[in-house]
Each structure stands twice: as C-alpha cells, then as structure tokens.
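In what follows, a single structure is set out as structure tokens and then discussed.
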4 protein chains.
Amino acid sequence: MKAIQVRAPGGLDKLEVVDLPDPGPPGPGEIRVALHACSLNFHDYAVARGFIPSADRRIPMADGAGVVDAVGEGVTDLKPGDNVVSLFSPDWQAGMPPSVNFGRVPGDGIDGYARETVVVPATWFTPIPKGWSHAEAAIIPTAGVTAWRALVTEGKIKAGDVVLTLGTGGVSIVGIQLAKAMGCIVVATTSSDAKIDRLRALGADHVINYKTVPDWGKKVVELTGGHGADHVLEAGGAGTLSQSIAALAMGGQIGLFGVLTGIEAPVNLHALMFRKGAIRGITVGSRADQLDMVRGLDGMGFKPVIDRSFPLEGIADAFAFEESGAHFGKIVLEW
Amino acid sequence: MKAIQVRAPGGLDKLEVVDLPDPGPPGPGEIRVALHACSLNFHDYAVARGFIPSADRRIPMADGAGVVDAVGEGVTDLKPGDNVVSLFSPDWQAGMPPSVNFGRVPGDGIDGYARETVVVPATWFTPIPKGWSHAEAAIIPTAGVTAWRALVTEGKIKAGDVVLTLGTGGVSIVGIQLAKAMGCIVVATTSSDAKIDRLRALGADHVINYKTVPDWGKKVVELTGGHGADHVLEAGGAGTLSQSIAALAMGGQIGLFGVLTGIEAPVNLHALMFRKGAIRGITVGSRADQLDMVRGLDGMGFKPVIDRSFPLEGIADAFAFEESGAHFGKIVLEW
Amino acid sequence: MKAIQVRAPGGLDKLEVVDLPDPGPPGPGEIRVALHACSLNFHDYAVARGFIPSADRRIPMADGAGVVDAVGEGVTDLKPGDNVVSLFSPDWQAGMPPSVNFGRVPGDGIDGYARETVVVPATWFTPIPKGWSHAEAAIIPTAGVTAWRALVTEGKIKAGDVVLTLGTGGVSIVGIQLAKAMGCIVVATTSSDAKIDRLRALGADHVINYKTVPDWGKKVVELTGGHGADHVLEAGGAGTLSQSIAALAMGGQIGLFGVLTGIEAPVNLHALMFRKGAIRGITVGSRADQLDMVRGLDGMGFKPVIDRSFPLEGIADAFAFEESGAHFGKIVLEW
Amino acid sequence: MKAIQVRAPGGLDKLEVVDLPDPGPPGPGEIRVALHACSLNFHDYAVARGFIPSADRRIPMADGAGVVDAVGEGVTDLKPGDNVVSLFSPDWQAGMPPSVNFGRVPGDGIDGYARETVVVPATWFTPIPKGWSHAEAAIIPTAGVTAWRALVTEGKIKAGDVVLTLGTGGVSIVGIQLAKAMGCIVVATTSSDAKIDRLRALGADHVINYKTVPDWGKKVVELTGGHGADHVLEAGGAGTLSQSIAALAMGGQIGLFGVLTGIEAPVNLHALMFRKGAIRGITVGSRADQLDMVRGLDGMGFKPVIDRSFPLEGIADAFAFEESGAHFGKIVLEW
C-alpha cells in the first residue's frame with residue numbers, strides 16, 4: 001500500500017512516498033476504505049511544514065474520501081461500495097465534546113489519509129453528497145464542516161440574514177456558497193481586485209477590498225442599508241476582529257474559526273456590548289454536523305470550488321502551490 | 001374614496017362598491033396608505049360568504065399593499081413613497097401574543113383593505129421585498145407569513161431538511177418556494193395529475209397524488225430513503241393528520257395551520273410518540289416575523305405565483321373563481 | 001449469580017429466581033457492575049405481566065443501579081468503585097436517534113437488570129447524583145429522564161413557567177420536584193383528595209381533583225390568573241388530552257409520554273391552533289439527557305420519593321403492590 | 001411635586017431637591033404612577049457624578065417603582081392600584097431592538113424616576129413580583145433584568161449548569177440568587193474574605209478570593225471537578241476576561257455586561273476556540289424579559305438583598321455610600 005509520511009521535524013522536503021503493509025480486513029465495528037482523494041487545509045500544511053510538531057513518519061492529511069471495500073461485524077449503516085469521507089474529530093460524534101483532543105485528529109495526533117487504504121471504526125466516516133466526486137467530497141471534513149457549524153449549527157442562519165466572509169480561504173468560499181444557497185445576503189472581503197469578480201460569480205452580493213477600505217466594518221453596515229452583519233465567518237483573528245465587531249448587526253454573531261493574523265486580539269468590549277453581539281470559538285464540528293451537512297449539500301445542489309488537483313505523489317508540489325496563495329478554491333490530491 | 005363593503009349576512013351578491021369619505025391626514029404615529037392591491041385567502045372568502053359572521057358593511061380583505069402617501073408625527077421608520085403591506089394581526093408585534101384576538105383582524109373584526117386609502121398606526125404595515133409589485137406583496141400577510149412562521153420561526157428549517165406540503169393552496173405554494181430557496185428537499189402532494197408538473201417546476205423534488213396513493217405518509221418515508229418529513233405544512237386537519245404523522249422523520253414537526261377537512265381529528269398518539277414528533281398550531285405570525293420574511297425574500301430572490309388578477313370592483317368574480325378551485329397560485333385584486 | 005427471569009407468556013407467577021453463571025470480566029470498552037437496586041415502571045410491569053410479549057427467560061427491569069467493580073481496556077470515564085445507573089435506551093447516546101428501537105430496551109428486547117452482576121458497554125451506564133442511594137438512583141433511567149427530557153431538553157423550562165402534571169405516577173412526581181426546583185409554578189391533578197396534601201408538600205402550588213372538576217383544563221387557566229400551562233406532562237393520552245389542550249397558555253407545549261387512557265385521541269385542532277400550542281411525543285431520552293439530569297440533580301438538591309422497597313426475590317410482591325395503585329412515589333427493589 | 005435634579009456638569013453636590021408642577025392626568029395609552037422607590041446602579045452614579053454627560057436639570061434614576069394612580073384611554077393591562085416598576089430601555093419591548101438608544105434611558109437621555117409622580121406610556125412599566133415592596137422591586141429594571149437576560153434569555157441556564165459570578169455588585173448578587181433558585185452550581189469570586197460567608201449564605205457553592213488566587217479561572221475548573229463554568233456573569237471587562245475564558249467549560253458562554261476594569265481587553269482567541277466558548281455583550285433587556293423575570297421571581301420565591309435605604313432627599317448620601325464600596329446588596333431610595 002502506497003502512503004505518504006512526514007519525517008521529523010517536518011518540511012516540504014520531508015514528505016516521503018513509502019510502501020506500507022496492507023491494513024488487513026476490518027474488525028468488529030470497523031470499515032476498510034479504499035481512499036482516492038484528500039484536500040489540503042492550513043492545518044495539514046502546518047503539520048507538513050512542522051509548525052505543528054508531530055511524530056516522525058506521521059501519515060498526513062485530515063480529509064480523506066474513497067469507497068468502502070469491506071465492513072466488519074456489526075456495521076449496519078455503511079456497506080461495500082458506499083462513497084465515504086472522513087471526520088476531522090473522529091471522537092466527536094454529537095453534541096458538545098467533553099474535551100478538546102487535537103491529539104486525535106488524523107494527520108496530526110494520529111495517522112491521516114494520505115494512503116491507499118485504511119481500516120478505522122465505521123463512525124469515523126460519513127456518506128458523501130449525491131453526485132460529488134471523491135475530490136469534491138474531500139473538502140467537507142475540515143473546511144466544509146467548519147462553515148456549516150459556524151453558520152448553521154451555531155449560527156442558525158435563515159434567509160435574509162447578512163453573512164460576512166473574510167478572504168478567499170476554503171471555509172470562506174464554501175461559506176459564501178452555503179449562505180447564498182440558504183437565501184442569505186453575502187458580503188465578502190478580499191485583498192485582491194482580481195478576485196472580486198470570482199466572488200461575485202459565487203454569489204456574493206457585495207465585495208469589499210479590505211486593503212483599499214481599511215474601515216471595512218463600517219462599510220458592511222453601509223452596504224446593507226444600516227443593518228450590518230448578522231453572522232461573520234472570522235478567519236483572521238487579532239488583525240481583523242475589531243473590524244468584524246464594527247460590522248455587526250444588533251445581536252450579530254462572529255464565528256471565530258481562524259487566527260491567521262494573531263491569537264492575542266485587542267477587543268473593544270463597548271463595541272461588542274453596544275451591538276449585543278457575540279464572539280464564538282469554532283473548531284470544526286461533530287459527526288452529526290457532518291451528516292447534516294451532507295444532507296444539506298444534497299438539498300442545496302451546489303458543487304465546491306476546486307482550484308487544482310495533484311496526484312498523491314505530488315503532495316509537496318500541492319503544498320508549495322498552497323503556500324504561494326495563488327489559488328481560489330481548494331487544492332486536492334487525487335489517485 | 002372607493003371601497004368594498006360586505007352587507008350582512010354575507011354572500012358574493014352582498015359585496016357592494018361604495019364611495020366613502022376620505023380618511024383624512026394621519027395622526028401621531030399613523031401613516032396614510034394609498035392602497036393598490038389585495039390578495040384573496042380562505043379567511044377573506046369565509047367572511048365574504050358569511051361563514052364567519054361579521055358586522056354589516058364590513059370592508060373585507062386582510063392583505064393590503066400600496067404606497068405611503070403621508071406620515072404622522074413621530075413616525076420614523078416609514079416615509080412617503082415607501083411601498084408597504086399590511087399585517088394580518090396588527091396587535092401582534094413580536095414574540096408570543098398575550099391572547100388570540102381575531103376580533104382585531106382587518107376584514108374580519110375590523111375594516112380591511114378593499115378600499116383606496118387607509119389611515120392606520122405605522123406599526124400595522126411593513127416594507128415589501130425589493131422589486132415586488134403591490135399585487136405580489138399582497139400575498140405576504142396571510143399566506144406568506146403563515147409559511148414563514150411554520151417553517152422558519154418555529155420550524156427553524158435548514159438546508160437538507162425534508163419539507164412536506166399538502167395540496168396547492170397559497171401557503172403550500174409559497175412554502176415550497178421558500179423551502180427550496182433555503183436548500184430543503186420538498187415532497188408535495190396534490191389530487192390532480194395535471195398539477196404535478198407545475199409543482200415540480202416550482203422545485204418540488206417529489207410529488208405524490210394523494211388520491212391514487214392513500215397511504216401517502218408511508219410513501220414520503222420511502223421517497224426520502226427512509227428518512228421521512230422533518231417538517232409538514234399541514235393544511236387539512238382531521239382528514240390528513242394521520243398520514244402527516246405517518247410521514248414524520250424522527251423528531252419531525254407538523255405546523256398545523258389549516259383544518260379544511262375537519263377540526264376534530266383522531267390522532268394516533270403512539271405513532272406520534274414513536275417518532276418523537278410534534279404537532280404545533282400556527283395562526284399566521286407577528287410583525288417581527290413579517291419583517292424577517294421580507295428580508296428573507298430579498299435574499300431568496302423568488303417571485304410568488306399569481307394565477308389571476310381582478311379589478312377592485314371584480315371582487316365577487318374573484319371569490320367565485322377562488323370557489324371553483326381551478327387556480328394554481330394566488331388570486332389578487334389590483335387597482 | 002442470582003437473577004430474576006420472566007417465563008413465557010408472562011404473569012406475576014412467572015417470575016422465577018434463578019442462579020446464572022457469573023458474566024466474567026469486562027472486555028474492551030465494557031464495565032462490570034455489581035447491581036444493588038432496580039425501580040419499577042409501568043413498562044417493566046407490562047413485560048412482567050406479558051402485556052408486552054418478550055422472550056422466554058427474559059431478565060426484567062430497565063432501571064438498574066450499583067457499583068462498578070471492574071472496567072475493560074479503554075474505559076476512561078468510569079472506574080471501579082463508581083456508583084452508576086443504567087440507561088433505558090442504551091443505543092441512544094445523544095441528539096435524536098436515527099430510529100426507535102424498543103428491541104434494545106433492557107428488560108424488554110434484551111435482558112435487564114434484575115440480577116446481581118452485569119457486563120455491558122461503559123456507555124450503557126452513567127454516574128449517579130452525589131449522596132443518592134442505589135435505590136434512589138434507580139428511579140432516574142425511566143421516570144426521571146422522561147420528566148427531564150419533556151421539561152428541560154425539549155420544554156426548556158425557566159423560572160416562572162406554569163407546569164401542569166397529571167396524576168401521581170413516577171414521571172409526574174419527579175416532574176413536580178424538578179419544576180419547583182427550577183422556580184416554576186406547578187399545578188398538579190389527582191383523583192384522590194387524600195393525595196392533595198402530599199402533592200402540596202412536594203411543592204405543587206395548586207392541586208385539582210380531576211374527578212370533581214371534570215373541566216380541569218379551564219380551572220388551570222383560572223388558577224394561574226388567566227395565563228394557563230406553559231408545559232403539560234401528559235400521562236393519560238386519549239382521556240386527558242382535550243383538557244390538557246384547554247389548559248394551555250399561549251404557545252404552551254404538551255410533552256406526551258403516556259397513553260394510559262387510550263392511544264387514539266380525538267384532538268380539537270382549533271383549540272390547539274387558537275393557543276399556538278404544541279403536542280410533542282416523548283419516549284424517555286438519551287445518555288446525554290441522563291448525564292445532564294444527574295448534574296441537574298446535584299444542583300437542585302432534592303431526593304426522590306420512594307414509597308416502598310422490596311428485596312430482589314420479592315419482585316412479584318412489588319409488582320402486585322404497583323398493580324394496587326396504592327403507592328405514592330416509586331417502588332424499588334434493593335439487594 | 002418633589003423631585004431631584006442634577007445640575008450640570010454633575011457631581012454629588014449638584015443634586016438638588018426641587019418642586020416641579022404635577023404632571024397632570026394620563027393621556028391615551030398612558031399611566032400615571034405615584035413613585036415610592038428607586039435603586040442605585042453604577043449607571044445612575046455615572047450620570048449623577050457627570051461621568052456620563054447629561055442635560056442640565058436632568059431628573060436622575062433609571063429604576064422607579066410605585067403605584068398606578070390613574071390610567072389613560074385604551075390602557076387595559078394595568079389599572080389604578082397596581083404596583084409597578086419601570087423599564088431601563090422603554091423603547092425595547094421584545095426581541096432584539098433595531099438600534100441601541102441610550103439617549104432614551106430614563107435618568108440619562110430623558111428624565112428618570114427621582115420624583116413623586118410621573119406620566120408615561122403604559123408600556124414603560126411592568127407589574128412587580130407578588131409580596132415585594134417598592135424598594136425591593138426597584139432593583140429589577142437594571143440589575144435584575146441584566147442578570148435575567150444574561151442567564152435565562154440568552155444563557156438558557158438549566159439545573160446543574162455551573163454559573164460563575166464576579167464580585168458583589170448588584171447584578172452578581174441577584175445572579176447568584178437566580179442561578180441557585182434554578183438549580184445551578186454557583187462559583188462566586190470576591191476580593192474580601194469578609195464577604196465569603198455572605199456569598200455562601202446566598203447559596204454560592206464555592207467562593208474564590210481573586211486577590212489571593214490570581215489564576216482563579218483554573219481554580220473554577222478544579223472546584224467543579226474539571227468541568228468549568230457553563231456561564232460567566234462578566235462584570236469586569238479588560239481586567240477579568242482572560243480568567244473568565246480560562247474558567248469556561250466546553251461550550252461555555254460569557255455574558256459581558258460590565259467593563260469596570262477597562263473596555264479594551266486583550267483576548268486569547270486560542271483559549272476561546274479551544275473551549276468552543278462564546279463572549280456575548282449584554283445591555284440590560286426588553287420589556288418581555290422583565291415580564292418574564294417578574295413571573296420567574298413569583299416562582300422562585302427569593303427576596304433581593306437590600307443593604308441600606310435612604311430617603312429621596314438623601315440621594316447624595318446614598319451615592320456617597322455607594323462610592324465607598326462598603327455595601328453588600330442594593331442601595332435604595334424610599335419615600
């Protein structure tokens with residue numbers, strides 16, 4: 001079985017193609033999955049580069065999609081031939097988890113899905129949306145479920161709500177698609193005039209270049225007739241949170257899932273109180289969230305935005321491309 | 001000012017065109033609206049025909065849309081020139097009302113909107129969706145807000161939920177449009193094969209002829225892969241409730257807004273408990289619901305289905321057409 | 001190991017004390033529990049009497065409490081010495097279950113807890129409230145969790161809500177205690193003047209004898225200053241539902257968990273709609289509900305009402321006592 | 001009519017007792033209230049001292065309680081003889097307000113209740129809890145409703161939740177009483193060992209001296225068996241928020257209602273995300289919140305903690321006593 005391993009201490013030149021023993025048949029409660037695709041996320045990149053220290057010879061990649069080729073005793077809700085996709089937090093099945101355990105994220109604390117075959121508990125995977133390829137489905141576990149949990153599970157968006165997205169990362173793009181497919185008004189930000197048309201084509205009602213409009217929070221309020229953002233998909237953290245708060249509608253909420261610009265943020269508490277707003281930490285979601293999202297994708301009917309596909313062996317090139325920041329949409333591995 | 005009045009004891013031959021004094025300028029907190037359209041609902045029909053007894057010379061019609069032509073002192077959120085539409089329950093502003101008061105429904109306990117001009121408190125109207133005509137907006141107060149409250153305010157629908165609608169009444173049709181625009185899977189029923197294609201064109205994923213499939217509850221479960229209906233827009237009451245319960249998904253809920261087939265229903269409580277389902281009474285909604293729905297319609301972008309338009313003087317013909325049951329979509333008056 | 005078995009076709013004379021092999025050590029993910037108490041519920045009685053057909057030699061009793069005496073590999077949240085209590089629906093861990101499966105209820109579809117020792121998955125038990133005996137804790141899985149799910153999980157009761165309970169069954173009594181401990185106003189009904197003082201002593205603010213006040217729904221509204229019941233713990237079904245609906249406050253909800261008076265109920269849909277009320281089927285609850293309830297009981301500080309305790313061998317006498325209806329509070333087995 | 005006015009620019013020596021004309025009879029929709037008590041809050045103090053600039057001759061005090069002595073035309077839910085208490089935000093009736101308008105808070109943007117008689121719209125007051133004096137009721141509009149909205153309306157507390165309160169201000173004290181009366185586990189902080197016993201007497205399960213335990217966030221987690229705080233009543237702002245976040249349970253939420261220690265807070269976003277926690281701005285609440293709270297207080301049965309009462313003319317002494325920080329519970333004016 002072909003697989004990728006990250007040699008300590010990490011680095012794009014430390015990604016090795018290796019041949020590992022076949023994992024054998026599934027035990028009770030387990031499934032065996034022939035994997036065919038992964039998607040790249042910032043978290044995977046941080047492990048691959050060694051920014052997040054991991055074990056030597058860790059198999060990277062949290063998001064894996066493929067076909068069930070065998071099921072163990074007692075598995076009833078999946079069967080051979082089913083197309084399936086993995087979970088970011090395999091121990092988080094429903095509700096709120098008793099504790100955070102990044103030590104159990106595939107491709108970080110445990111081996112991930114950059115390999116041809118895996119045997120895991122059946123509860124670690126879910127079905128994929130109807131008509132989606134494995135590469136398309138591979139965007140769900142990290143980027144997709146983060147957007148779903150922030151907007152739907154926690155945010156409870158409804159038609160007419162104003163949703164603000166920051167930049168063109170994977171969560172933001174699927175967030176725009178999802179919000180539009182549920183009847184929301186979307187305001188998107190970007191630092192690149194070149195991306196404005198692509199964001200509009202995805203459905204964004206308004207796009208703001210945050211470099212040329214540094215007080216973009218106020219601009220969001222103006223563009224929405226004084227209403228402001230009912231929901232913010234906050235990717236930036238310290239560098240953007242003040243403007244996200246300034247953008248809020250009365251009772252608006254910020255789903256904080258990323259801290260790309262810093263983890264220690266100066267927050268203007270008066271501004272938050274004034275708007276009766278909320279900041280909520282989001283770290284992906286549960287299996288129940290993912291099952292709901294897959295059903296939601298069946299209903300909404302859109303397809304994700306894939307920028308470029310690489311073969312499994314091209315994983316280092318794929319991360320280098322991600323590093324360049326030139327992409328719009330997800331980068332995937334397919335084999 | 002031209003107006004319509006219903007002479008006691010009601011009947012389509014008791015609808016008179018009359019000339020009434022102009023209502024004069026708006027007082028403090030009031031607006032004056034030049035009305036241009038009404039929509040017909042079963043409730044209006046029941047008053048016009050005298051099934052619901054009302055005062056002699058009652059001005060009928062709960063749903064009125066038009067243009068603000070003057071505002072009284074202290075009115076700040078509406079201004080002359082604004083396109084506006086009325087409320088079904090003018091005293092129900094937000095939350096849950098302290099009591100039901102049908103004695104205050106326009107066109108029933110108080111005069112309605114089949115007239116050229118009205119002066120009422122500003123809180124009795126709301127803006128209309130962008131780009132909608134007065135006739136289109138006139139479908140909102142009764143049919144629209146009923147569907148919105150059942151599905152969104154109370155039902156909290158999300159993408160991927162299965163929504164079941166019964167028949168082709170005004171609430172069902174706007175319910176189908178609304179559910180599809182929020183990413184739901186829609187199953188619709190009808191007694192007419194001729195309407196199947198029109199329901200599909202509106203977005204229904206599955207359509208069942210309930211005459212040829214009398215156990216349509218079970219059929220809903222089959223068509224949705226064993227899942228069943230997360231939400232039912234229940235229009236029928238006694239004659240349909242058993243099948244609606246049989247159609248329920250685990251934890252599904254029935255929004256009961258109509259009792260066309262009878263008000264005393266034999267309910268199989270075991271079937272309801274088995275599914276952990278709920279039946280909830282819905283009687284239109286609040287001004288807050290209507291404001292939310294208007295924003296929602298701005299985001300969703302669909303237009304309502306209007307079957308036929310009559311002039312104000314043609315009100316008896318309009319009700320006769322409604323009585324025939326030949327329509328698909330709303331019947332409106334425009335002037 | 002001593003145990004009780006129900007011989008087919010059931011009957012109080014079919015309850016046998018038997019000696020079974022010790023279940024051995026727990027496997028991976030399992031715990032071994034030394035059981036010391038069970039509580040009697042109507043469901044257990046129906047199995048014992050054969051009203052609910054079950055396998056020959058079924059070990060009865062859904063509710064079992066005891067002490068963990070060994071844990072298998074991988075069990076981290078329970079340890080030897082922990083006092084624990086069982087679940088009514090061992091497969092329902094959180095959220096809404098994918099399907100109803102009474103075939104998996106202990107003492108019904110699978111063996112229950114009328115035995116000295118059991119080995120089961122660790123997820124089939126939870127801790128018990130601090131300071132509660134095993135007999136007290138044994139009231140939680142069926143009666144306790146039903147009241148909790150109806151009032152707290154689904155009902156979301158808050159201080160000041162009016163809660164109506166029917167009769168003096170196990171769910172009603174714990175419901176009264178729970179509602180009072182969360183600051184609610186409680187109205188209780190009974191058919192026995194002798195029980196009125198006991199219900200008041202438990203905290204009921206108002207008690208109605210439903211035999212002498214047959215239109216007790218209206219009486220609930222009067223006693224609460226015209227407000228009515230925000231929540232009803234509906235035990236009766238067909239014979240009581242009309243009055244429960246008549247008792248409802250605007251937006252009130254009925255948690256229907258029992259159908260002692262019949263399963264086919266004539267429901268006045270207009271009365272339900274008029275109050276914008278809801279009827280929701282309740283069938284016990286999930287492990288997450290039970291964990292929440294145990295924490296809640298730690299905070300609320302009350303103790304359950306135990307009427308009489310029997311030894312394990314006295315199970316037939318215990319059920320005969322239950323059959324007599326003379327009890328007020330739970331009947332338990334202790335050994 | 002006797003009243004108090006604050007002369008510009010504010011200061012305890014600028015509080016004047018004046019004689020004003022009687023306000024006359026109530027107009028349509030209005031009530032006339034014979035006021036008998038006010039309670040002191042930090043906001044009133046800030047106006048009196050001139051920290052919040054206000055108009056010259058402003059009548060201070062946001063919280064006023066008394067007896068209705070006349071009602072205008074159309075007022076149906078209040079009648080002469082009713083004991084009533086005012087609202088902090090008279091324009092915020094229900095739901096979420098369209099905008100913040102501190103310019104409409106009595107005693108700040110408009111005249112308040114330090115006077116013998118007032119005529120205002122009937123919707124500006126609510127009934128008081130049964131058996132409460134006017135002085136007791138006067139703690140509801142600011143301190144009471146803030147605690148209710150944070151814990152009940154937004155926090156949706158249930159029995160067993162862990163509630164953390166900071167210090168012994170008015171909101172914290174009523175928050176402790178309210179949380180205990182709904183079955184929560186309460187952890188309180190104080191800087192004074194002398195207050196520990198009083199906090200325990202109020203029901204606090206655990207009390208931490210935050211001066212001697214500077215990392216009190218971690219201590220909250222330890223004292224609750226590793227669970228942490230499900231809800232924090234955050235009074236301090238910049239100086240306490242880091243520890244409040246450290247105290248959070250998984251999914252815990254912080255109701256931020258005060259910024260006594262600073263408005264610009266450095267927030268550790270990773271710590272918030274790690275716990276999937278939320279920070280929500282709270283600014284008192286709506287009339288619907290106050291009506292719910294009054295009903296809740298009827299159910300919960302506790303009485304508020306009043307430290308000392310002053311006559312209306314003693315208002316400057318009362319504020320000086322508040323300034324000293326020696327009080328435990330509310331300071332009130334009664335006349």
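Letters A, B, ... are given to chains in the order of the sequence lines, protein chains preceding strands, and every chain is numbered from 1.
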**Q.** Over all atoms of both residues, closest heavy-atom pair of A:Met182 and B:Ala159
**A.** CE-N, 3.6 Å
Q: Any chance you could measure A:Asp298, atom CG, to B:Asp205, atom CG, to the nearest 0.5 Å?
A: 10.0 Å
Q: Just jot down the salt bridge (Lys or Arg N to Asp or Glu O under 4.0 Å) partners of B:Arg295, sequence neighbours excluded, or say none.
A: A:Asp230
Q. By a 4.5 Å heavy-atom criterion (distance strictly below it), what part of B:Val186 contacts chain A: side chain, backbone, both, or neither?
A. neither
(Q) Take a 6.0 Å sphere around NZ of A:Lys303 and say whether it holds more than 12 heavy atoms from other residues, nucleotides or ligands. (A) yes
Q: Could you tell me whether A:Lys219 atom NZ has more than 12 heavy atoms of other residues or ligands within 6.0 Å of it?
A: no
Q: With a 4.5 angstrom heavy-atom cut-off, could you sort out which part of B:Lys158 is near chain A: side chain, backbone, both or neither?
A: both
